[in-house]
Structures are given as C-alpha cells and as structure tokens.
2 protein chains.
Amino acid sequence: MTMRDVAKEAGVALSTVSHFLNGTAPVAPETRKKILEAIERLNYRPDFTARNLKRQKTSALGLFIPDVTNPFYAELAQGVTDVAQGAGYSVILYATSYKEKLEESFVSLVEQHQVDGVVIAYSFIAERLWGRLASSGVPAVLVDVYPTNDLWPSVVVDNEKGVEKALRYLVSLGHTDIGYLSEPPYVLSLVKRQRAFLSFMKRKGLPLRDEWVLVEKTQRNRVEIGFTLGKKLLKEKKRPTAVVASSDLVAVGALKAFLSSGVRVPEDISVVGFDDILLASYVHPSLTTVRQPKYEMGRTGVEFLLQFLQGKNDCPPLTLIEPVLVERDSCQGRG
Amino acid sequence: MTMRDVAKEAGVALSTVSHFLNGTAPVAPETRKKILEAIERLNYRPDFTARNLKRQKTSALGLFIPDVTNPFYAELAQGVTDVAQGAGYSVILYATSYKEKLEESFVSLVEQHQVDGVVIAYSFIAERLWGRLASSGVPAVLVDVYPTNDLWPSVVVDNEKGVEKALRYLVSLGHTDIGYLSEPPYVLSLVKRQRAFLSFMKRKGLPLRDEWVLVEKTQRNRVEIGFTLGKKLLKEKKRPTAVVASSDLVAVGALKAFLSSGVRVPEDISVVGFDDILLASYVHPSLTTVRQPKYEMGRTGVEFLLQFLQGKNDCPPLTLIEPVLVERDSCQGRG
DNA sequence: TTGAAAGCGCTAACAG
DNA sequence: CTGTTAGCGCTTTCAA
C-alpha cells in the first residue's frame with residue numbers, strides 16, 4: 001500500500017495526498033474526506049524510509065554507552081529516550097560492553113548516516129575513532145564525558161563540587177579522619193574526584209594518610225573493588241571514622257566489607273557514595289551519597305542536540321550540572 | 001558524496017561501484033583499485049536510508065520495554081542488542097514508563113515500518129494496540145510475556161518451576177512456616193508464581209495462613225511494597241521462619257523492613273527472591289534468589305526474530321526458560 | 001566484466 | 001486548491 005494506491009483509490013493526485021498528510025497545503029473538505037476514506041480502506045501507513053530518503057534525515061538519534069546494565073547509564077538512557085521520543089526521534093541504543101569491535105561498528109553507523117545526531121556517554125578505547133566521528137560531520141553531544149574537541153558541547157556533573165559537598169557534610173558531622181576508596185580512575189571524572197578529595201583535605205588541614213586513600217589499579221567489578229578496598233582499610237591499626245567512595249557501587253562493596261566484618265555502619269564508620277543510583281536507597285543502611293542528576297543530564301544532552309539540529313547553534317561548550325547531597329542512613333555524627 | 005560521484009571520480013559506471021561494494025558481481029582488479037581510490041579521495045560512505053528504501057527493509061529492530069531503569073529490562077536489553085548488533089541490525093529502544101501515549105507512538109513506529117521486527121517485553125495497558133500490531137504484519141516475538149495470539153512466539157521463564165525450586169530449597173533447610181510477599185499480580189507471570197506457591201504448600205501439607213500470604217493491591221515502588229509487607233508480617237504474633245518474594249525488589253524491601261526492626265536475616269528469618277537482578281548480590285546479606293536468565297531470554301527472543309526474518313518460520317510458540325536457584329546468604333537451616 | 005536504465009515510496013517545487 | 005514532475009541515493013535486472 002503506497003501513497004500512489006491511496007491517490008488512485010481516492011481519485012486524486014499523489015501530491016494531494018502528500019500535502020494532506022503533511023499539512024503542507026490546504027485541502028478541500030471533500031477531497032480530505034475521500035483521502036481519509038481511502039487510507040482507511042487500504043489501511044495505508046506512510047513509509048518512513050522513503051520519507052527519510054527524501055528529507056535527507058533519519059529521524060533517529062544514537063545513544064552510545066558502555067552498558068545499559070549499569071544503572072547510571074540506564075537512567076541517563078531514560079532521560080535521553082524520553083525527550084527524543086517527545087521530539088519525534090527514535091533512539092538507537094548502542095551498548096558496547098567496552099568492546100573495541102563494537103565501538104568500531106557504532107562509528108560506522110554514524111558515518112553511514114543512520115542517525116541524525118548522537119549522544120555520546122562513552123570514552124573510546126580506540127582514540128582514533130574520535131577523529132572519524134568528527135569528520136563524519138554528524139552532530140554530537142558528550143554527556144558525562146569532558147570535552148574532547150571544540151566541535152561538541154559537553155554535559156558533566158561538577159565532580160569537584162560533589163566531593164566537596166560530601167566532605168563538608170562529614171566535617172560538619174564532626175569527622176576529621178576521612179578515607180577515600182576509588183575504582184581505577186580511567187576517566188577524567190574519577191581523576192577530578194580524587195584530586196578534589198586530596199585538595200580539600202589539604203586545604204582544611206585534615207589528616208591525609210596514604211593508607212586511607214585506596215585506589216584500585218585493575219579494572220573489575222566495582223562492588224568487588226569496594227569490598228576488597230573496604231577489607232584492606234579495616235586492616236589498618238588506625239582506621240578513619242568515615243570514608244567517601246568514588247561511586248555508589250564501590251561504596252556498596254565497602255558497606256558489605258564493613259558489615260561482614262562486624263563493623264557497624266554508621267555507628268563505627270560513616271560511608272558516603274557518589275552517583276545516587278537506585279541501589280543506594282535499597283541497601284541497608286541506605287546510602288548517603290552525592291547525587292548526579294543522570295536523568296537530567298541525559299535530557300540536557302539531547303536538548304542541546306535537538307537545538308543543534310534545528311540550526312540553533314548556541315549551547316555552551318561545557319555545562320556543569322550541580323550535584324546534590326542526599327542524606328540517608330550511612331553517616332552519623334562524631335563527638 | 002554519493003555513489004554517482006564515486007563512479008564519476010573513478011571513471012566507471014554507477015552500477016559497477018554498487019556491485020563492487022556489495023560483492024554482487026565480479027569486478028576487475030584495476031577497476032576495483034580505481035573505485036577504492038575514489039572512495040578514499042572523496043571519503044565516501046554509502047547512505048543507509050537509500051539502501052533501505054531500495055531493499056525494503058530498515059535494518060532496525062524495535063525493543064519495547066516499560067523501563068530501562070529496571071535492571072531486569074536492562075539486562076534483557078543487553079541480550080537483545082548484543083545479538084541484534086552481531087547480526088547487523090540496530091536496535092531502537094522504546095521505554096514507555098507505562099504511559100499510554102508512548103505505547104501508541106511505539107505502535108505507530110512499527111506500523112510505519114521503521115523496524116523490520118520487534119521484541120516485545122511489555123504488556124499493553126491499551127488492549128486494542130495488540131490488534132494494530134498484529135495487523136501491521138511486522139514480525140514480533142514476546143519475551144517475558146505469555147502468548148497473546150498464535151502469530152508470535154513467546155519466551156518466558158518457567159515461573160512455576162522457579163517458585164517450586166525456592167520452596168523445595170527452603171523445605172530442605174527445614175522450613176515449614178513459609179510466607180509469600182507479592183507486588184500486585186498485574187501480569188500473568190506474577191499470577192503463576194502466586195498460584196505455584198499456594199499449590200506447592202497445599203500439596204506438601206504445609207501450613208497456609210492468610211496472614212502470611214501478603215499481596216499488595218496498589219501499584220507503586222516495589223521496594224517500598226516489600227518494606228510495607230515485611231513490616232506487616234512482623235506484626236503477626238506467629239511469624240513464618242522464611243518468606244519467598246515475588247521479585248528481588250520486593251525481597252530487598254522486606255530485607256530492609258526486617259533488618260531495621262532488629263530481626264536478623266537469615267538467623268531469624270530466611271528470605272528468597274525472584275529474578276536475580278544485580279542488586280541481589282549487592283545487598284547485605286546477599287540475597288538467595290531464583291534466577292531468571294534475562295540476558296539469555298533477550299538473546300533467544302531476537303534469535304527467533306532473526307530466524308523469522310530469514311524465512312525460517314519454525315520456532316516453538318512457547319519457550320520455557322529454566323530458572324536457576326542461586327544460593328547466597330539470606331537463607332539458613334532450621335532444626 | 002561493465003553500463004544504462006528503471007524504479008523503491010515519498011516530498012516539494014511549479015504550473016494550472 | 002489540485003496535479004505533474006523531478007528527484008533523494010541506491011540496487012538490480014538486462015544488454016552489451
């Protein structure tokens with residue numbers, strides 16, 4: 001069933017049907033009725049592929065993330081799909097599980113113009129792919145990734161401020177002996193969090209012990225990392241009274257390590273995470289954490305992208321989203 | 001840069017370039033070289049939309065789920081994207097958050113042939129949409145949804161067997177007083193789980209008390225449901241020594257309810273969940289649960305779909321995936 | 001082995 | 001307001 005069939009059935013010209021369907025020209029009431037009836041009779045639906053070819057667009061946006069299974073990216077994805085769909089775009093999900101081969105094929109996807117634009121919440125393993133993406137000319141926006149060039153705007157949480165909020169909170173609770181547990185800082189965000197921790201402690205004249213700043217070297221399950229690091233911390237003769245973790249998953253791992261060693265949280269040690277994934281409120285005790293507004297970051301990302309696609313090219317190169325400290329039950333005052 | 005440009009640049013015919021690119025006819029070595037050079041020089045990439053129009057397909061599959069943020073669907077989605085991408089299809093993600101309006105627009109998407117096929121892991125609010133989907137003629141497969149017609153195959157976990165495995169395990173541990181906590185049974189799977197529980201208890205002559213079978217009426221956050229139901233259970237003068245929950249989220253809520261009331265798990269009460277989402281292993285104590293192989297279910301679903309798209313139309317109407325009991329730390333023996 | 005030509009289903013001038 | 005027509009970029013006969 002093509003538009004041609006509808007036109008024939010309705011006894012009007014092809015273009016009239018098109019105009020009617022697109023509202024691109026006024027159509028007489030009777031003609032309109034005839035067309036409507038024909039469409040109904042033939043159960044006609046316009047073909048998007050043809051429309052896209054003609055309009056030179058795909059009505060699809062790409063979303064590039066490492067892993068949907070990671071609640072952080074899942075929430076981001078929801079933000080992205082919600083606004084994209086609202087604007088009439090479908091979103092093509094590309095989750096690579098950090099496999100180089102899939103990175104490659106995602107880049108091909110955009111090079112072949114299968115998408116009108118792309119939200120990238122991913123740091124490539126293969127550096128050279130950035131270049132191919134750039135030269136494809138497809139508009140992109142980075143989310144949770146710091147700027148890599150001056151082509152694409154970037155939306156990230158203010159990592160420094162987030163860590164400071166956590167630390168200020170712990171200090172206000174009377175803590176001075178504070179540790180830091182981190183997964184391998186393989187992206188800039190994690191580096192910034194660690195630096196912010198160090199800098200705050202130094203600035204405030206708080207004790208800064210090497211044995212309290214535990215940074216994992218090898219990439220593996222982050223809850224396990226937290227668990228290992230938590231156990232390690234427990235082995236020190238002098239323990240900190242609070243720890244901040246580089247992410248909620250690490251925090252949850254540490255929580256498990258503490259609880260399973262009979263160390264009570266928050267009575268014996270306070271814990272604060274980073275991200276505020278759903279999990280944070282589900283564990284016991286529920287986790288006090290620095291919330292990254294992931295959904296909003298996703299939203300903002302696509303909104304920029306949509307603006308760009310509409311020719312408005314004036315979004316800021318770097319947007320810092322304000323993190324929020326979410327107080328739950330894993331912290332307690334001292335003295 | 002179109003294929004025409006490449007042909008001109010290489011000094012050959014348009015169709016020769018096409019043949020070369022698709023391997024659909026042999027091409028002389030020199031011609032081949034000229035074409036390759038031209039492609040290189042012009043940085044040409046074939047346009048997918050045009051190809052799709054010609055081939056009358058979209059190379060895209062739709063994935064319809066309520067919510068990516070729900071770890072169950074996230075894992076399923078990963079299974080789907082992994083195999084779809086492997087087969088050269090992109091996947092369009094459609095997450096509705098149970099909004100009728102979005103259901104509607106997803107159905108339009110398939111009616112307009114924006115996808116070659118669709119994996120549906122969703123039960124519509126608006127019943128009539130099933131009909132529209134069916135009459136669109138687009139191949140579909142149901143995952144985690146029981147068959148609705150004889151057009152589409154369905155892949156679900158064997159819910160009855162799952163509950164039985166949980167119960168058998170608890171009984172083997174010496175439990176006889178067992179409760180059941182459930183979210184509102186708004187889909188068949190949940191109904192089946194509840195029935196399986198009831199039927200097992202009756203069959204084995206185990207005590208079946210109304211106050212121990214708590215089924216929430218209103219739809220809301222499932223962890224909260226578990227929490228409420230857990231607290232309610234604690235109010236009974238005689239408590240069960242074990243509970244099985246309709247899902248991990250409910251189980252986690254119950255866990256929180258117990259722990260925060262000073263009831264120890266598993267010492268005072270054993271808990272088993274259903275699903276085995278990541279969360280299950282992250283809480284403390286980690287949750288013993290009935291694993292639904294979600295990733296595999298997603299895989300299987302698309303595999304069926306791909307088979308269908310290749311004309312092989314012989315997949316079973318109903319595939320029951322075997323659930324697996326995952327023993328962790330939330331259960332303990334009695335007597 | 002290569003090339004000319006006819007569309008795929010739709011949009012958008014343009015003319016009437 | 002309605003109709004004619006020329007493509008969008010590619011695939012695929014069919015003939016040379």
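Chain letters run A, B, ... following the sequence lines, proteins first and then strands; every chain starts at 1.
When the shell of 6.0 Å around CZ of B:R4 is examined, it contains 12 or fewer heavy atoms from other residues, nucleotides or ligands. The environment of B:E40 atom CD is sparse: at most 12 non-hydrogen atoms of other residues, nucleotides or ligands sit within 6.0 angstrom.
How far CZ of B:R51 is from CE of B:M3: 8.5 Å, rounded to the nearest 0.5 Å.
For A:L53 and D:dA6, the CG to P distance is 18 Å, given to the nearest whole Å. Summarising the geometry, the separation between CE on B:M3 and P on D:dG9 is reported as 12 Å, rounded to the nearest angstrom. Summarising the geometry, the separation between NE2 on A:H19 and P on D:dT4 is reported as 14 Å, rounded to the nearest angstrom. For A:Q56 and D:dG7, the CD to P distance is 14 Å, given to the nearest whole Å. Atom CG of B:L21 and atom C1' of D:dT11 are 11 Å apart (whole Å). Rounded to whole Å, atom P of D:dT5 lies 12 Å from atom CG of A:L14. Rounded to whole angstrom, the span from the CZ atom of B:R51 across to the P atom of D:dC8 amounts to 18 Å.
Checking each of A:V141, A:L133, A:V143 against A:I120 for a side chain to side chain contact (heavy atoms under 4.5 Å, CB included) leaves exactly one that passes, namely A:L133.
Taking a heavy-atom distance under 4.0 Å as the criterion, the stretch of DNA chain C touched by chain B extends 5' to 3' from C:dT1 to C:dG9.
Proximity of B:T49 to the phosphate of D:dC10: no side-chain N or O atom is located under 4.0 Å from OP1 or OP2. The side chain of B:S15 contributes no N or O atom lying less than 4.0 Å from OP1 or OP2 of D:dT12. Between A:T16 and D:dG3 there is a side-chain N or O to OP1 or OP2 distance below 4.0 Å.
Between B:Y98 and B:Y186, the ring-plane angle classifies as perpendicular under the 30° and 60° cut-offs.
Backbone-only contact: A:Y44 has heavy atoms under 4.0 Å from sugar-phosphate atoms and none from a base. Note on B:T24: nothing from the nucleic acid sits closer than 4.0 angstrom, heavy atoms only. Among the protein residues, B:N22 comes within range of the sugar-phosphate backbone only, with heavy atoms under 4.0 Å from sugar or phosphate atoms but none that close to a base. Among the atoms of the strands shown, none is found under 4.0 Å from any heavy atom of A:F48. The residue A:T2 sits close only to the backbone: its heavy atoms come under 4.0 Å of sugar-phosphate atoms, none of a base.
Between B:E104 and B:K99 no salt bridge is recorded (no basic side-chain N to carboxylate O distance below 4.0 Å).
Map B:R55 and B:R32 each onto its nearest nucleotide of DNA chain C; the residue landing nearer the 5' end is B:R32. Taking the nucleotide of DNA chain C with the nearest heavy atom to each of B:P29 and B:A50, the more 5' of the two is matched to B:P29.
Remark: side-chain polar atoms of A:N22 are not paired, donor with acceptor, to backbone N or O of A:T24 under 3.5 angstrom.
The base of D:dG9 is not paired with the side chain of B:K54 by any donor and acceptor separated by under 3.5 Å.
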- prompt: Going through the checks in order, is the side chain to side chain contact (heavy atoms under 4.5 Å, CB included) test met by B:V156 and B:L318?
  reply: CA-CA 8 Å; B:V156 291; B:L318 180 62; 3.9 Å; yes

